[in-house]
2 protein chains.
Amino acid sequence: MSDPIRRSTKQRAAIYDVVQQLPNFHSAQDIHAELTQRGSRVGLSTVYRALSAMANDGDVDTLLRDDGETLYRQCADSAHHHHLVCRQCGATIEVDGPTVEIWTQHIAAQHDFDDVSHTLEIFGRCPQCRAG
Amino acid sequence: MSDPIRRSTKQRAAIYDVVQQLPNFHSAQDIHAELTQRGSRVGLSTVYRALSAMANDGDVDTLLRDDGETLYRQCADSAHHHHLVCRQCGATIEVDGPTVEIWTQHIAAQHDFDDVSHTLEIFGRCPQCRAG
DNA sequence: AACGATATTGACAATCGTTTTCATTTAGGA
DNA sequence: TCCTAAATGAAAACGATTGTCAATATCGTT
Ligand SMILES: [Zn+2]
Ligand SMILES: [Zn+2]
Ligand SMILES: [Zn+2]
Ligand SMILES: [Zn+2]
């Protein structure tokens, strides 16, 4: 019933470092490629496992791409927030919307829904990409 | 360059009917199974193609599940709206949030983002499921 | 009604992200 | 050091979706 004791490994440390250092959202395979690039030979399965765990623990944010691929990112803000993401270059800005949070609560209460959560992402084209 | 002329077929009509009649969100495979159940022998590829086209034309709404599977639904409101979805039974309520719409515009403008869109879904447990 | 160009279908294979398997390795407490 | 369970990774399995392509069906034209 209780979760197994978690041991610290070279691999997880390496994965953590990469996620920490990469800007914006990246796929598990991206991160695995980056690790390989850096000479860290870590199995792809391990990368998937580590990222899932980190996301589960709330240590990293996840973003579901239109095609279903999951992207991971280490955000500055550990509290609940959302993202404004450039569709073209992936530039990501963390945004906060107290009003939206309240609104979702309202809607849920209004329909007598329980145990509420929500997903919200804003997509667009950043100034750099518009200029380029 | 121009799109090919679209011809109407038995298969697409059958798919359309099923989507029209099924409540809530369902996967392409769900819909294919329902068609088979009804005795309509339609290829799975055709179901995928038809649903993609319908979604593309804005005739049906789509919802990305956590695991990346795409769900389709025929909504009553053809205009832009969002959903309050029961995590357990899939019961879906269409909701409107003018405030949220304005807020996303604000955020985008504030960061000089262009060509803005957004995704927003609310998940929870409906009263029926709480009772059950 | 028959024709012909081409849009559509569907069985099947291929793709691709992700998960599982399981034998081997490793972390960390005794 | 020793032991046990956690962790790894190579490879296979998985599952949703897409591509292939020969056969079929639609629809404007004759
Ligand atoms: Zn950009
Ligand atoms: Zn929120
Ligand atoms: Zn429910
Ligand atoms: Zn909206």
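For the numbers below, each heavy atom of this structure counts, side chains included, while hydrogens, waters and symmetry mates do not. In what follows, chains are A, B, ... by sequence order, proteins preceding strands, each numbered from 1.
- Between the base of C:dT6 and the side chain of B:Arg7 there is a donor-acceptor pair shorter than 3.5 Å.
- Counting non-hydrogen atoms under 4.0 angstrom, B:Ser27 reaches nothing in the nucleic acid.
- When only modelled atom types and interatomic distance are considered, A:Arg12 and A:Thr46 share no side-chain donor-acceptor pair under 3.5 Å.
- Counting heavy atoms from C-beta outward, B:Asp112 and A:Arg125 have side chains that stay 4.5 Å or more apart.
- For the pair B:Gln29 and D:dA16, the criterion of a side-chain N or O lying under 4.0 Å from OP1 or OP2 is met.
- Between A:Leu44 and A:Arg49, the residue whose closest nucleotide on DNA chain C is further toward the 5' end is A:Leu44.
- Set against C:dG17, D:dT8, C:dA7, the side chain of A:Arg12 has D:dT8 as its closest nucleotide.
- Atom CG of A:Asp66 is separated from atom C1' of D:dT18 by 16 Å (rounded to the nearest Å).
- Taking atom NE2 on B:His32 and atom C1' on C:dT9, their separation rounds to 12 Å, with Å as the unit.
- For A:Asp67 and C:dG17, the CG to C1' distance is 9 Å, given to the nearest whole Å.
- Listed nucleotides: C:dG10, D:dA16, D:dT26. Nearest to the side chain of B:Gln11: C:dG10.
- Taking the six-membered ring for Trp and thresholds of 30 and 60 degrees, A:His80 and A:His118 have ring planes more than 60 degrees apart, a perpendicular arrangement.
- Note on B:Tyr48: every side-chain N or O is 4.0 Å or more away from OP1 and OP2 of D:dT18.
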Are B:His83 and B:Leu120 close enough, and set up right, to give a side-chain contact (heavy atoms from CB on, under 4.5 Å), and what steps lead you there?
-> CA-CA 8 Å; B:His83 303 102; B:Leu120 166 56; over 6 Å; no
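- Among the protein residues, B:Ser45 comes within range of the nucleic acid bases, having at least one heavy atom under 4.0 Å from a base atom.
- Judged by distance alone, with hydrogens and angles left aside, B:Arg6 brings no side-chain donor or acceptor close enough to the base of C:dA7 to form a pair under 3.5 Å.
- The two residues B:Asp67 and B:Glu69 have their closest heavy-atom pair at OD1-N, 3.1 Å.
- Within the 4.0 angstrom heavy-atom criterion, only backbone atoms of the sugar-phosphate kind lie near A:Arg41; the bases stay farther away.
- Following rounding to the nearest Å, B:Lys10 (NZ) and C:dA7 (C1') show an atom-to-atom distance of 17 Å.
- Checked against C:dT18, C:dA27, D:dT17, the side chain of A:Thr9 finds its nearest nucleotide in C:dA27.
- Each of B:Thr70 and A:Thr46 has a nearest nucleotide on DNA chain D; the 5'-most of these lies closest to A:Thr46.
- Mapping B:Ser8 and B:Gly68 onto DNA chain D via the closest heavy atom, the residue that lands nearer the 5' end is B:Gly68.
- Between B:Glu69 atom CD and C:dG17 atom C1' there is a gap of 14 Å when expressed in whole angstrom units.
- In this structure, A:Ile5 atom CD1 and D:dC3 atom P are separated by 19 Å, rounded to whole Å.
- Between the A:His82 side chain and the A:Ile122 main chain, no donor and acceptor come within less than 3.5 Å of each other.
- A donor-acceptor contact under 3.5 Å is not formed by the side chain of A:Arg65 with the base of C:dG17.
- In this structure, B:Asp30 atom CG and D:dA16 atom P are separated by 10 Å, rounded to whole Å.
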